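Here's the structure, in structure tokens; my notes come after.
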Protein chains: 2
Amino acid sequence: MPRQVDHDERRRQLTEALLRIASTRGLQAVSMREIAAEAGVSLRVVQYYFTDKQALLDSGLAELAARLDRRVKQRAAAATGGLSTRSVFEAVLGAILPSDEQSRLDSLAWTAYYTAALTDPALAAAALTRPDALEDFLTTRLTTAQQAGDLASDRDPRTEVAALLALANGLTASVLGRQRSHEAATAIIDYHLDRLFGPTATLRPPPD
Amino acid sequence: MPRQVDHDERRRQLTEALLRIASTRGLQAVSMREIAAEAGVSLRVVQYYFTDKQALLDSGLAELAARLDRRVKQRAAAATGGLSTRSVFEAVLGAILPSDEQSRLDSLAWTAYYTAALTDPALAAAALTRPDALEDFLTTRLTTAQQAGDLASDRDPRTEVAALLALANGLTASVLGRQRSHEAATAIIDYHLDRLFGPTATLRPPPD
DNA sequence: ACTGTTAGGATACGACTGTATCCATACAAG
DNA sequence: CTTGTATGGATACAGTCGTATCCTAACAGT
């Protein structure tokens with residue numbers, strides 16, 4: 001065998017170059033040649049490691065999903081000890097909202113993919129996955145909390161979870177559009193979590 | 001003067017052709033020639049009535065904004081007599097959510113514009129308008145309702161309005177992605193309006 | 001040393017893009 | 001009837017796109 005190159009590593013570099021372009025200049029600015037330039041390689045290399053442009057785009061989408069997953073688990077792990085239902089929701093919703101510059105870029109790329117998928121059947125299958133595992137997980141978590149008495153009985157866990165996720169997505173859009181700061185978005189989330197879980201959890205001024 | 005043509009009417013037809021393409025095949029599928037074909041005219045006609053492609057895109061964005069405005073006012077007018085604060089919120093939020101096929105298409109086009117504006121400076125100025133008149137209007141409306149005792153005193157009107165608008169946007173995204181039906185989205189909105197305005201408005205099981 | 005495969009440079013193809021130009025027609029004013 | 005302008009058909013231009021092809025260099029196995 002002649003000179004062997006780490007294909008996975010090469011593909012990773014190219015995928016990251018793709019996402020860098022998509023998040024800063026948009027998905028329509030992504031071309032084979034632009035990716036090559038961004039990664040510092042020739043067009044032929046991009047062609048060599050990816051059969052299609054579609055394969056490239058699929059790889060970018062998979063990487064984005066992996067990053068979001070990583071971020072959620074990282075936040076969940078950072079909630080040391082405090083495994084309260086509220087902290088779980090804070091972790092998940094906080095992971096969705098763009099916080100630092102990197103997560104902002106990822107959110108931009110994700111939004112670009114989602115929007116493209118709305119009118120592009122080739123992306124729709126991969127980007128608009130129907131069975132939302134996250135929503136189911138949070139719903140069972142919230143239902144359990146309700147049975148334990150940590151949530152008012154007149155709340156509907158399914159609806160609350162769906163609304164919180166949609167709220168986080170809507171806030172994300174406004175943060176990306178610089179109509180709202182990350183802090184303002186977080187404050188709105190916290191406001192709703194306060195109302196949801198009642199005056200039990202966090203510290204607050206003494207009740208008058 | 002030779003044969004005179006209604007320029008405004010021509011421009012309107014071309015703009016509608018543009019939006020038809022943008023909402024069904026995406027903004028990246030919009031080209032001068034595609035618009036011409038969609039409108040049933042030659043490329044020269046598109047060039048003749050719009051100096052630029054940018055001017056065409058600007059016109060499409062303006063038309064979308066006008067349509068949303070029209071829809072809100074139409075819903076507000078349909079709320080005959082019942083000028084309760086809640087009905088105002090129902091009208092506005094119901095106008096944001098895609099209901100029929102046409103509003104779905106408009107929402108798709110709007111989302112495409114918004115996403116494009118996030119990375120395209122030429123669109124950012126027009127599409128990401130900072131002073132949100134709608135948010136201010138609803139906030140003052142809700143503040144007034146609170147002073148009248150129609151809203152619990154521990155609610156923050158600014159935050160509630162911001163959250164409801166972000167929620168409507170997030171739900172819109174999920175409806176466009178066919179992850180949720182229009183009815184399911186409306187139910188979530190109603191659920192929150194019920195909680196916001198308390199047990200006053202709608203019928204419900206007797207309090208235990 | 002030779003050979004066969006892997007890795008990539010260089011270039012080309014046809015399609016499509018926004019824009020520009022040239023020219024023909026239609027029609028109101030004189 | 002002539003003329004000038006508004007309208008629009010036809011075509012061209014220079015880029016960029018995804019993809020394909022040709023060819024060379026590097027290197028492991030024999």
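Reminder, nothing fancy here: chain letters follow the sequence lines and each chain counts from 1. Since we're looking at a predicted model, the values are computed, not measured.
For the side-chain contact (heavy atoms from CB on, under 4.5 Å) test, residues two or more places apart in sequence or in another chain that qualify with B/Ser23 are B/Leu105, B/Leu108, B/Ala109. Every residue was checked against the salt bridge (charged side-chain N to carboxylate O under 4.0 Å, His left out) condition with B/Glu183, not counting sequence neighbours, and none meets it. With sequence neighbours excluded, the residues satisfying salt bridge (charged side-chain N to carboxylate O under 4.0 Å, His left out) with B/Arg25 are B/Glu34.
A close approach under 4.0 Å does occur between a side-chain nitrogen or oxygen of A/His7 and OP1 or OP2 of C/dA7. An OP1 or OP2 oxygen of D/dT7 is reached within less than 4.0 angstrom by a side-chain nitrogen or oxygen of B/Tyr48.
Nucleic acid contact for A/Phe50: none, since no nucleic acid atom lies under 4.0 Å from a heavy atom of the residue.
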What N/O pairs connect the protein and nucleotides 14-18 of chain D at under 3.5 Å? Give each pair on its own line.
from, atom 1, to, atom 2, distance (Å)
D/dC17, OP1, A/Ser31, OG, 3.3
D/dG18, OP1, A/Lys53, NZ, 2.8
D/dG18, OP2, A/Met32, N, 3.0
D/dG18, N7, A/Arg33, NH2, 2.5
D/dG18, O6, A/Arg33, NH2, 2.7

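With B/Leu56 as the partner, the side chain to side chain contact (heavy atoms under 4.5 Å, CB included) test is satisfied by one option alone out of B/Met32, B/Gln47, B/Arg11: B/Met32.
Residue pairs meeting the side-chain hydrogen bond (donor to acceptor under 3.5 Å, both in side chains) criterion with at least one member in residues 158-171 of chain B, sequence neighbours excluded: A/Tyr191-B/Glu160, B/Glu135-B/Arg158, B/Arg155-B/Glu160, B/Asp156-B/Thr159.
In this structure, B/Glu9 places its CD atom 16 Å from C1' of D/dT7, rounding to the nearest Å. Note: CG (A/Asp6) to P (C/dT6) measures 16 Å, nearest angstrom.
Between A/Arg104 and A/Asp100, no side-chain nitrogen of the basic residue sits less than 4.0 Å from a carboxylate oxygen of the acidic one, so the salt-bridge criterion is not met.
For the pair B/Val5 and B/Gln47, nearest-nucleotide mapping onto DNA chain D gives the more 5' position to B/Val5.
Side chain B/Arg10 to base D/dT7: no donor-acceptor pair is found below 3.5 Å. Between the side chain of A/Arg44 and the base of D/dT19 there is no donor-acceptor pair of N/O atoms closer than 3.5 Å.
Remark: nothing in residues 13-21 of chain A comes within less than 4.0 Å of DNA chain C through any heavy atom.
B/Asp6 places a side-chain N or O within donor-acceptor distance of the main-chain N or O of B/Glu9, the cut-off being under 3.5 Å.
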